[in-house]
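Heads up, the thing below is written out as structure tokens.
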2 protein chains.
Amino acid sequence: MEIPPVVIDRLPLYARALAALESRGREVVSSQELGQQLNVTPAQIRKDLSYFGRFGKQGRGYNVRKLLDELRRILGLNRQWKMALVGAGRLGRAILGYEGFAPQGFRIVEAFDSDRGTVGFTIAGLTIKDTADLEGVLSGSPVDIGIVAVPAEMAQDVIDALVRCGVRAILNYAPIAAHVPRGVNIKRIDPVLALQGMTYYLKNSAVGK
Amino acid sequence: MEIPPVVIDRLPLYARALAALESRGREVVSSQELGQQLNVTPAQIRKDLSYFGRFGKQGRGYNVRKLLDELRRILGLNRQWKMALVGAGRLGRAILGYEGFAPQGFRIVEAFDSDRGTVGFTIAGLTIKDTADLEGVLSGSPVDIGIVAVPAEMAQDVIDALVRCGVRAILNYAPIAAHVPRGVNIKRIDPVLALQGMTYYLKNSAVGK
DNA sequence: ATCTGTGAAGCACTTCACAGCG
DNA sequence: CGCTGTGAAGTGCTTCACAGAT
């Protein structure tokens, strides 16, 4: 069956909430309660889950542990995922130093930069390699996911190179609308776009100056 | 008229592409060409713009400069927006140091942290104030937008405080599904959720180990 | 001849509402 | 009786297709 992409995007949200419930010792939760926590309607949660199976018990709700396991299996969160970072400037270094990836199974195993002054340095335990060698390095030891943190002008070239290395998921921090072939997934992290989408609603009540 | 939220989210994308075209001296662009650059159908662009007016010339296309001005006016991008950052740890400091906000009119004018060792320090020209004083400071000199970069446990409290100070747009870097009253806009920046939404599609072709 | 602006049709996602199970 | 799972109905967004302007 073809699962709607929006559904896939909500599952990690459910998994996160369930993990929090589990760590607080909760054994059972209803779609109602989960929905309240996440600002999602109970019907939506039930429908989303129904694409993958029947995980609840009527009259009771969902076993927290079991549903969490199922979601992890569905999403592939019970694996380690290898990532390559391209771009080790300000932003790239912040990403390298980010402690939120590892606990979720996402590990940066290669980092590249094209600046002579940066290549060769070790940051957060990783030696920065030359972006020019990206294809050589990654064809020898492939990664699952690429993280792009280079300036806009270089981003498309870097993405093309990653795709040639077989990378089929890309997290793009560069402010461009990148082109990727079918079968390659790309998501944008773009705080400026997010802000610009909110100012529309603020327009008539700016704080001034 | 009530404009679909998805439309609002696309306008900044259009504005960015137009700004790039303008800087390259382009005077006119068709919905076709713009769509190709952005991976959006030409019909979608035309329909989106039609919510706000008739900006094109039949047979020719859109005047780049004029359309860009219109979009900036619609989105409120021709203003300066004042922002307060809460949380000056690793992530918060990276945000403070990010050079991408200022050129787009977004200025961080206050920064808060609750750690004794951080309060009082000056980072990127801003003196970090105590989060406990947030409401006092912001009620005296309000901001338009709040940026939340505190640990998950504190995020909801911080968001509540920001809302009490009249903030109606929040950029949330904390990994929680926050609750805000109607009329307050909140957007999440969450690389882990983005990654977890992609692994689903990778599941059957992991690179191993 | 070309490209916009837009009703109408089509599609995708969400919500309803209830049968059925525990 | 409570809560899930799910067809069916409803909503909102996207795409079509073409009249009309240049």
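Both backbone and side-chain heavy atoms feed into the values below; hydrogens, waters and symmetry mates do not. A, B, ... follow the sequence lines: proteins, then strands. Residue 1 opens every chain.
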Practice prompt. Please state whether the phosphate of C:dT14, meaning OP1 or OP2, lies under 4.0 angstrom from any side-chain nitrogen or oxygen of A:Gln44.
Written response: yes

Discussion item. To the closest 0.5 Å, what do you measure between CD1 (A:Ile108) and CG (A:Leu85)?
Written reply: 5.0 Å

Practice prompt. Report the distance from atom CG of A:Leu67 to atom C1' of D:dC3, rounded to the nearest whole Å.
Written response: 14 Å

Discussion item. I want to check one thing: is the phosphate of D:dT6, taken as OP1 and OP2, less than 4.0 Å away from some side-chain N or O of A:Arg54?
Written reply: yes

Worksheet item: For B:Asn63 and C:dC3, what is the distance between atoms CG and P respectively, to the nearest whole Å?
Response: 16 Å

Item to complete: Consider the side chain of A:Tyr62, meaning its heavy atoms from C-beta on, and name the nucleotide among D:dG5, C:dT4, C:dT6 that approaches it most closely.
Response: D:dG5

Worksheet item: Has the side chain of B:Gln58 got a donor or acceptor that lies under 3.5 Å from a partner of the other kind on the base of C:dT4?
Response: yes

Discussion item. Using the rule side chain to side chain contact (heavy atoms under 4.5 Å, CB included), only one of B:Ile95, B:Val148, B:Asp190, B:Val150 pairs with B:Tyr173; which is it?
Written reply: B:Ile95

Practice prompt. Return the value, rounded to whole Å, for the distance between atom CG of B:Leu49 and atom P of C:dT4.
Written response: 10 Å

Practice prompt. Can you figure out which of D:dT15, C:dT15, D:dC13 approaches the side chain of A:Ala43 most closely?
Written response: C:dT15

Worksheet item: Choosing from C:dC13, D:dC13, D:dT6, which nucleotide comes nearest the side chain of A:Lys47?
Response: D:dT6

Discussion item. Less than 4.0 angstrom from a charged side-chain N to a carboxylate O is my criterion; do B:Glu110 and B:Lys82 meet it?
Written reply: no

Item to complete: Report the nucleotide, chosen from D:dC13, C:dT14, D:dT4, that has the shortest atom-to-atom distance to any side-chain atom of A:Ser30.
Response: D:dT4

Practice prompt. Could you tell me whether the side chain of A:Lys57 has a donor or acceptor atom within less than 3.5 Å of a complementary atom in the base of D:dG2?
Written response: no

Practice prompt. Using a heavy-atom cut-off of under 4.0 Å over every strand shown, decide if B:Arg60 touches base, sugar-phosphate, or nothing.
Written response: sugar-phosphate

Worksheet item: How many Å lie between CG on B:Asp48 and C1' on D:dG12, as a whole number?
Response: 13 Å

Item to complete: Would you kindly give the CZ-to-C1' distance between A:Arg46 and D:dT6, to the nearest whole Å?
Response: 9 Å

Discussion item. Rounding to an integer number of Å, can you tell me how far A:Ile45 CD1 sits from D:dT6 C1'?
Written reply: 16 Å

Fill in: Check: A:Glu70 side chain, A:Phe55 main-chain N or O, donor-acceptor pair, under 3.5 Å
no

Worksheet item: Does A:Ser31 place a side-chain N or O at less than 4.0 Å from the phosphate oxygens OP1/OP2 of D:dT4?
Response: yes

Worksheet item: Would you call A:Tyr200 and B:Asp9 a side-chain contact if the rule is heavy atoms closer than 4.5 Å?
Response: no

Worksheet item: Does OP1 or OP2 of D:dT15 have a side-chain N or O of B:Thr41 closer than 4.0 Å?
Response: yes

